[in-house]
Amino acid sequence: MSVTLFNTLTRTKETISGSPVKIYSCGPTVYNYAHIGNFRSYIFADILNRTLRLAGYPVLHAMNLTDVDDKTIKGAIELTQKNPGKYADLKEALHAYTAPYTEAFFADLKKLNIIPFDLHPRATDFIPAMLDLVERLIQAGIAYEQDGSVYYRIAEKKDYGKLSRVDLDKNKTGTRYNTDEYDKDDVRDFVLWKAEGKDGVHWHSDHGDGRPGWHLECSAMIHEIFKGPIDIHTGGVDLIFPHHENEIAQSEAAYGGEFVKHWAHCEHLLVDNRKMSKSAGNFFTLRDLLEQGKKPEVLRYFLLSAHYSQKINFTSDALDMAAASVDKFFSLMNRLGRTAKNQADVSPVLAAASEKARQNFLAELADDLNTPRALAVVHEYMREANAFIDTAKENLAAGDHTTILETLRFFDKLLGIIDLMPQAGVSAELQALLDERNQARAAKDFKRADALRDQLLKAGYKILDTKTGSHLEKV
RNA sequence: GGUGUCGUAGCCAAGUGGUAAGGCAGAGCUCUGCAAAAGCUCCAUCCCCGGUUCAAAUCCGGGCGACACCUCCA
């Protein structure tokens, strides 16, 4: 099945092609723990990845790690000051500073059950490629050197602004920039290579010691890794301008031809209807949420409950609603785990409904990753499956059992929550309490039976009384 | 000021020209000793005002409101 995706460049939905589909997703700057707004973007990349795979596309997916920028350098300098003599040079300190955040990032990806990306290029490993890009731009007459820094001359790029549709002439710049503070020929020009003295993190170059500008790394790494244009480039909407606009300007001018076929951007996660951001201070990290007892699978579900192109407001209520849906899914999984299986003929009705649900689910995803609609399909199927098990009085034909389970697992190839499902281990002690409660119940000692039920609930288990007996399920 | 996005039931959220998906909450019912779980049933005419059309939540114009980018930002 072919997948369509909205392209920011053309503002239309377009069919994805490529074998493999080459994807580059803007990843984190590892100067701190990523917050869940950042993770919306990475989950978006994950959903794209999973959808393409589910639809049968081979995929080659890279997500970068920005480990050199103002913030990481600042952190490295502070680290050096706190530990005099510990690091051979600032570059070593830089790596020491970014390493724990890099590790934390990977740990969080794992906790959220994001399928590992194929490649995670680090900016500092691609300095030569970046310098090569700078040279190409200078050769092409697009970049110029000024006091050891190299700038990109925007006036040379006739179609500058085609992605974000900004017209820089119309933007008000006077209040934002003080032209006198810049050495650039034009305030709008952006830095490719930043002069950096001995007291900063620097690499040698023909233009003197310095370090790469922000936009440089993605262009250089994409060229180095994919050896040509890529199919999809993803990121948050805030990257459209100037980051992605500048990537296009650099890459097209340096390497010629097309840079990226398809630009895909996800909207922001909001808190109190404001963008979640580090600078605003209104952010939560995944760690924060887990400490509050929130579940990663619930966060995953929550992020899928709105389309990626829409803002989504992070609230306690919204998370509770997501939790209810996740519970429903897990309850059905648990229910299947304890239904009896017989050798009766399979139900053609169930088989047809299951097949249709799978097709609809995939079709919704293939249509610009419409996760809310895909979730609607899941809910409808859960209802059908539960009704089917009701009718069968918890005694299913083995084939029907398999059909339902496999369909849920099919959905999970996208949802990615089964791996995060709590294990329902019931201790002998708990089982004894349950047995005692049922004995009391049989003896019509309901007061005692209810007391034992409360006791189990306090221990974190609710009782499910079914046709086939009583079971415990973790709350 | 420029450029975008959005405004759908108590809440969340799809749909974007043919008469409102799904979820949460709520109400009634079945089942149950009672409950829980599950199932069944019920629960909106789409911010406002004009216009186009046989037909508009969906297109156009004008309001009002919210958010984002133009500065580091996913």
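Below, chain A is the first sequence line, B the second, and so on; all start at residue 1. Every value quoted in this text rests on a predicted model; they were computed, and no experiment measured them.
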Open item on the list: As a quick check of understanding, evaluate salt bridge (Lys or Arg N to Asp or Glu O under 4.0 Å) for A/K157 and A/D159, giving each step before the final call.
Closed with: CA-CA 6 Å; A/K157 189 79 167 76; A/D159 59 355; 2.5 Å; yes

Open item on the list: Restricting to ring pair (Phe, Tyr, Trp, His ring centres under 6.0 Å), what partner residues turn up for A/Y33, sequence neighbours left out?
Closed with: A/Y101

Task: Nucleotide nearest A/R11 when distance is taken to its side chain, options B/rA14, B/rC72, B/rG4 - done: B/rG4

Open item on the list: My understanding is that only residues two or more places apart in sequence, or in another chain, count here; which of them pass ring pair (Phe, Tyr, Trp, His ring centres under 6.0 Å) with A/H243?
Closed with: A/W214, A/H215

Open item on the list: Could you tell me how far apart A/H233 (NE2) and B/rA74 (P) are, to the nearest whole angstrom?
Closed with: 13 Å

- [ ] Taking salt bridge (Lys or Arg N to Asp or Glu O under 4.0 Å) as the test, write out the residues that go with A/E196, two or more places apart.
- [x] A/R211

Open item on the list: In whole Å, measure the gap between the C1' atoms of B/rC43 and B/rC48 for me.
Closed with: 26 Å

Task: Watson-Crick or G-U counterpart of B/rA20, or none if no pair lies under 3.5 Å - done: none

Open item on the list: Need one value for A/I463: base, sugar-phosphate or nothing, where a base atom within 4.0 Å counts as base even if backbone is also close, heavy atoms only.
Closed with: base

Open item on the list: ring-ring contact (aromatic ring centres under 6.0 Å, His included), that's the test. Do A/H233 and A/Y24 meet it? Break it down for me.
Closed with: CA-CA 5 Å; A/H233 192 315; A/Y24 180 93; 5.0 Å; yes

Open item on the list: Less than 4.0 angstrom from a charged side-chain N to a carboxylate O is my criterion; do A/R50 and A/D46 meet it?
Closed with: yes

Cut-off 3.5 Å, no hydrogens considered: what does the side-chain donor-acceptor table look like for residues 374-382 of chain A, sequence neighbours left out?
residue : atom : partner : partner atom : Å
A/H379  : NE2  : A/Y301  : OH           : 2.9
A/H379  : NE2  : A/S325  : OG           : 3.3
A/Y381  : OH   : A/S354  : OG           : 2.7

Open item on the list: Please enumerate all residues that pass side-chain contact (heavy atoms from CB on, under 4.5 Å) together with A/R441, with sequence neighbours excluded.
Closed with: A/R437, A/N438, A/F446, A/A449, A/D465, A/S470

Between protein and nucleotides 30-33 of chain B, what N or O pairs are separated by less than 3.5 Å?
residue : atom : partner : partner atom : Å
B/rG33  : N1   : A/D450  : OD1          : 3.0
B/rG33  : N2   : A/D450  : OD2          : 2.9

- [ ] Using both distances under 3.5 Å as the test, list the Watson-Crick or G-U wobble partner of B/rG61, or none.
- [x] B/rC49

Task: Identified pairing partner of B/rU3, criterion: Watson-Crick or G-U wobble below 3.5 Å - done: B/rA68

- [ ] Quick one: which residue pairs count as a salt bridge (charged side-chain N to carboxylate O under 4.0 Å, His left out) with a foot in residues 102-116 of chain A, not counting sequence neighbours?
- [x] A/D108-A/K111, A/D108-A/R287

Protein and nucleotides 64-67 of chain B: nitrogen or oxygen contacts under 3.5 angstrom:
residue : atom : partner : partner atom : Å
B/rC67  : OP1  : A/R274  : NE           : 3.4
B/rC67  : OP1  : A/R274  : NH2          : 2.4

Open item on the list: If I take atom CG in residue A/D108 and atom C1' in nucleotide B/rA74, what distance separates them, rounded to the nearest angstrom?
Closed with: 14 Å

Open item on the list: What's A/Y42 touching, base or sugar-phosphate or nothing? Going by heavy atoms closer than 4.0 Å.
Closed with: sugar-phosphate

Open item on the list: Considering every strand and a 4.0 Å limit on heavy-atom distances, what is the contact class for A/G37: base, sugar-phosphate, or nothing?
Closed with: base

Open item on the list: If I take atom CD1 in residue A/I232 and atom P in nucleotide B/rA74, what distance separates them, rounded to the nearest angstrom?
Closed with: 21 Å

Task: Residues that A/T402 engages under side chain to side chain donor-acceptor pair (under 3.5 Å), provided they are two or more places apart - done: none

Open item on the list: So A/H35, base contact, sugar-phosphate only, or nothing? Heavy-atom distance under 4.0 Å.
Closed with: base

Open item on the list: Under 4.0 Å from OP1 or OP2 of B/rG39: is there any side-chain N or O of A/N386 that close?
Closed with: yes

TODO: Would you indicate what A/S309 reaches in the nucleic acid, counting non-hydrogen atoms under 4.0 angstrom: base, sugar-phosphate, or nothing?
DONE: nothing

Task: A/K162 NZ to B/rC70 C1', straight-line distance once rounded to whole Å - done: 20 Å

Task: Interatomic distance where CE belongs to A/M382 and P belongs to B/rA37 [whole Å] - done: 14 Å

TODO: Only pairs at least two apart or in different chains count here, so list each salt bridge (charged side-chain N to carboxylate O under 4.0 Å, His left out) that has a residue in residues 404-416 of chain A.
DONE: A/E406-A/R409

Task: Ion pair A/K474/A/D327, N-O distance below 4.0 Å - done: no

Open item on the list: Using the side-chain heavy atoms of A/N370, tell me which of these nucleotides is nearest: B/rA14, B/rA36, B/rC72.
Closed with: B/rA14

Open item on the list: So if I take every side-chain heavy atom of A/F241 and compare against B/rU3, B/rC70, B/rG39, which nucleotide ends up nearest?
Closed with: B/rC70

TODO: Test A/E247 against A/I222 for side chain to side chain contact (heavy atoms under 4.5 Å, CB included), laying out the working first.
DONE: CA-CA 10 Å; A/E247 279 186 46; A/I222 287 171; 4.1 Å; yes

Task: Nearest listed nucleotide, side chain of A/H268, among B/rA37, B/rA74, B/rA38 - done: B/rA74

Open item on the list: Regarding A/L332, tell me which of base, sugar-phosphate or nothing describes its non-hydrogen contacts under 4.0 Å with the strands shown.
Closed with: nothing

TODO: Write down the distance separating the C1' atoms in B/rG50 and B/rG39, rounded off to the nearest Å.
DONE: 48 Å

Task: Under 3.5 Å on both distances, the Watson-Crick or G-U partner of B/rA25 - done: none

Task: B/rA44 - base-pair partner by Watson-Crick or wobble geometry, distances under 3.5 Å - done: none

Task: Nucleotide forming a Watson-Crick or wobble pair with B/rA38, both distances under 3.5 Å - done: B/rU30

Task: Atom pair distance, as rounded to whole Å: CG in A/L434 and C1' in B/rA36 - done: 13 Å

Between protein and nucleic acid, restricted to nucleotides 18-28 of chain B and to nitrogen or oxygen atoms under 3.5 Å apart, what atom pairs and distances do you find?
residue : atom : partner : partner atom : Å
B/rG23  : O2'  : A/S325  : OG           : 3.1

Task: Nearest-Å distance for atom pair CD/C1', residues A/E217 and B/rA74 - done: 14 Å

- [ ] Measure from NE2 on A/H307 to C1' on B/rU8 and round the result to the nearest Å.
- [x] 17 Å

- [ ] Under the ring pair (Phe, Tyr, Trp, His ring centres under 6.0 Å) rule, collect the residues that match up with A/F330, sequence neighbours excluded.
- [x] none

